K.L.:
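My questions all concern the structure below.
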2 protein chains.
Amino acid sequence: MATAKTKRQPMTRQRVLSAALELADEIGATDLTIRRLADALESKPMTIYHHVPSKDEILDGIVDLVFAEIDLPDSELDWKPAVRARCVSARHVLTRHSWAVPLMESRRSPGPATLRHHDAVVACLRGGLSLTMTGHAYATLDAFVFGFAIQEAALPEPGDEMAEVAAEIVTDELAETFPALHEFAVERAMQPGYDFGDEFEYGLDLILDALAERSRRD
Amino acid sequence: MATAKTKRQPMTRQRVLSAALELADEIGATDLTIRRLADALESKPMTIYHHVPSKDEILDGIVDLVFAEIDLPDSELDWKPAVRARCVSARHVLTRHSWAVPLMESRRSPGPATLRHHDAVVACLRGGLSLTMTGHAYATLDAFVFGFAIQEAALPEPGDEMAEVAAEIVTDELAETFPALHEFAVERAMQPGYDFGDEFEYGLDLILDALAERSRRD
DNA sequence: TGACGTTTCGTACTATGTACGATCAGGTGG
DNA sequence: CCACCTGATCGTACATAGTACGAAACGTCA
């Protein structure tokens with residue numbers, strides 16, 4: 001009889017966190033439970049607790065892993081293209097791990113990757129902007145990037161049956177109740193070429209250009 | 001013996017929702033449980049379920065109540081001041097109910113107040129902007145407003161002891177690890193006059209001005 | 001081999017959402 | 001005034017969550 005059973009990897013904090021990240025991507029953060037995580041690791045709940053003190057710390061850990069996936073700004077470039085690239089990267093990462101967006105709010109303790117990331121962005125901004133403008137830029141850009149990720153995460157998946165049914169209901173029923181919404185939905189949002197995701201780069205460039213303009217004027 | 005016992009109000013969906021909203025303001029949305037809600041209503045868990053089908057619907061309901069608190073844009077005004085005022089109002093509301101921000105993401109079914117609100121904003125924008133610009137403006141502004149609310153909610157409360165301890169640790173320990181962050185924290189964020197909340201109006205006006213400018217040019 | 005520190009995990013406690021059915025109150029027809 | 005009916009209330013119970021406790025299994029060095 002072949003020893004088909006693959007040898008069990010040693011359990012470590014790292015392995016717990018990557019498994020948790022993978023599981024969160026599959027089933028979402030709200031359905032991530034210790035028991036399911038233990039199953040995914042072919043282990044038992046209380047084994048996990050030997051390597052990680054609490055579920056909260058697991059959540060902190062995977063949020064930090066998500067941050068680690070965001071490209072740092074390229075220090076060779078000027079602040080504007082460098083920050084632009086990191087914002088685009090951040091959006092891709094947050095789209096890929098859309099469960100992470102609301103978590104980033106409730107987590108109070110930033111992990112090392114999070115801190116390193118913020119440090120790199122601030123450094124990049126400081127390369128071309130005053131201290132004051134750096135504050136304006138970072139607050140505005142990050143609000144936009146995370147906020148956009150929220151909006152996008154709330155959107156129904158393409159192919160979601162409920163959404164398609166809803167679309168028809170909207171068309172018929174809300175035409176007179178919410179005319180402006182109805183007009184926008186029919187004439188713009190549901191038009192073939194429209195992709196909400198494209199609004200991201202529009203807004204990003206709008207903000208970046210305006211920041212550069214104001215920086216030039218002071 | 002005085003009948004000190006105040007007569008019990010009749011339980012209704014409205015009463016359940018307002019009590020839930022109040023309780024969420026006190027203890028946060030994650031700690032809001034049916035049993036605690038029942039206690040607040042001087043009732044029992046299963047009584048609540050006679051007026052509301054599930055906890056999820058309670059959450060949907062209080063999110064809609066929060067939306068209802070946001071001032072609608074004044075249709076007398078030009079789009080820019082009108083939308084500006086509603087963004088400022090939205091931020092105040094979201095600050096007051098900071099537990100609501102992450103919920104607005106996960107909730108899939110917008111309530112009537114939410115729809116009415118969106119309709120009014122779109123109508124206001126359409127008063128001065130093209131259909132395309134309306135999409136750009138709404139996506140960008142709402143991403144910014146909600147994103148800012150997230151950032152603000154993640155900030156430690158003023159007076160939070162942990163934050164003050166952290167501040168000293170940051171100063172000493174991270175000075176060489178994260179120099180840019182350290183510089184920004186010490187030279188700007190921790191300066192007496194600095195209030196992160198002020199970045200909101202800066203970013204808001206930056207975006208509004210840029211939108212107006214681009215609209216003028218097309 | 002035996003002793004000991006680490007890792008694993010069985011059991012169990014508490015808290016949660018909520019299903020089911022019993023109870024109760026208050027109005028209605030006799 | 002009473003029997004009855006309908007809807008509101010709630011007691012009990014179950015499945016699932018996080019995780020504390022202590023026992024068992026394992027690896028290592030003497």
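Just so you know, these numbers come straight off a predicted model, no measurement behind them. Numbers restart at 1 for each chain; the letters A, B, ... are given by sequence-line order, proteins then strands.
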K.L.:
Taking only heavy atoms on the protein side, list every residue of residues 46-54 of chain B lying under 4.0 Å from any atom of DNA chain C, sorted numerically.
P.N.:
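Of all residues in residues 46-54 of chain B, the ones placing a heavy atom under 4.0 Å from DNA chain C are B:M46, B:Y49, B:S54.
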K.L.:
Could you state the CZ-P distance from A:R15 to C:dT7, rounded to the nearest angstrom?
P.N.:
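Value for this atom pair: 14 Å.
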K.L.:
D:dT16 P sits how many Å from B:K55 NZ, rounded?
P.N.:
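From B:K55 NZ to D:dT16 P: 18 Å.
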K.L.:
Output the rounded distance in Å from CG (A:L37) to P (D:dT16).
P.N.:
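The answer, rounded to whole Å, is 18 Å.
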K.L.:
Would you call the rings of B:F184 and B:Y194 parallel, tilted or perpendicular, where under 30° means parallel and over 60° means perpendicular?
P.N.:
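The arrangement is perpendicular - the two ring planes meet at more than 60°.
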K.L.:
A:E26: what forms a side-chain hydrogen bond (donor to acceptor under 3.5 Å, both in side chains) with it, not counting sequence neighbours?
P.N.:
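Result, side-chain hydrogen bond (donor to acceptor under 3.5 Å, both in side chains) vs A:E26: none returned.
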K.L.:
With distance as the sole criterion, is a donor-acceptor pair present between the side chains of B:H51 and B:R15 under 3.5 Å?
P.N.:
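Checked: B:H51/B:R15 side chains show no N/O donor-acceptor pair below 3.5 Å.
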K.L.:
From the options C:dG10, D:dG18, D:dT9, select the nucleotide whose nearest atom is closest to the side chain of A:T33.
P.N.:
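Among C:dG10, D:dG18, D:dT9, the one nearest the side chain of A:T33 is D:dG18.
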K.L.:
How many Å lie between CD1 on A:I34 and P on C:dT16, as a whole number?
P.N.:
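Going from A:I34 (CD1) to C:dT16 (P), I get 18 Å.
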K.L.:
What's the CZ-C1' distance between B:R36 and C:dA15, to the nearest Å?
P.N.:
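From B:R36 CZ to C:dA15 C1': 9 Å.
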K.L.:
Atom CE of B:M11 and atom P of D:dG7: how far apart are they, to the nearest Å?
P.N.:
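Those two atoms, CE and P, are 18 Å apart.
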K.L.:
Can you tell me if NZ on B:K44 sees more than 12 non-hydrogen neighbours from other groups inside 6.0 Å?
P.N.:
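Not more than 12 within 6.0 Å, no.
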K.L.:
Compare side-chain N and O positions of A:S43 against OP1 and OP2 of C:dC9 and report whether any pair is under 4.0 Å apart.
P.N.:
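Yes, within the criterion.
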K.L.:
Between B:K44 (NZ) and C:dT16 (P), how many Å, whole number?
P.N.:
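Taking NZ of B:K44 and P of C:dT16, I get 15 Å after rounding.
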K.L.:
Should the ring pair A:H97 and A:W99 be called parallel, tilted or perpendicular, given that the plane angle runs from 0 to 90° and is split at 30 and 60?
P.N.:
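A:H97 and A:W99: perpendicular rings.
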K.L.:
What's the CD-P distance between A:E42 and C:dT7, to the nearest Å?
P.N.:
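Rounded to the whole Å, the gap is 20 Å.
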K.L.:
Looking only at side chains, do B:Y138 and A:Q151 share a donor and an acceptor under 3.5 Å apart?
P.N.:
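Looking only at side-chain atoms, A:Q151 and B:Y138 do not form any donor-acceptor pair under 3.5 Å.
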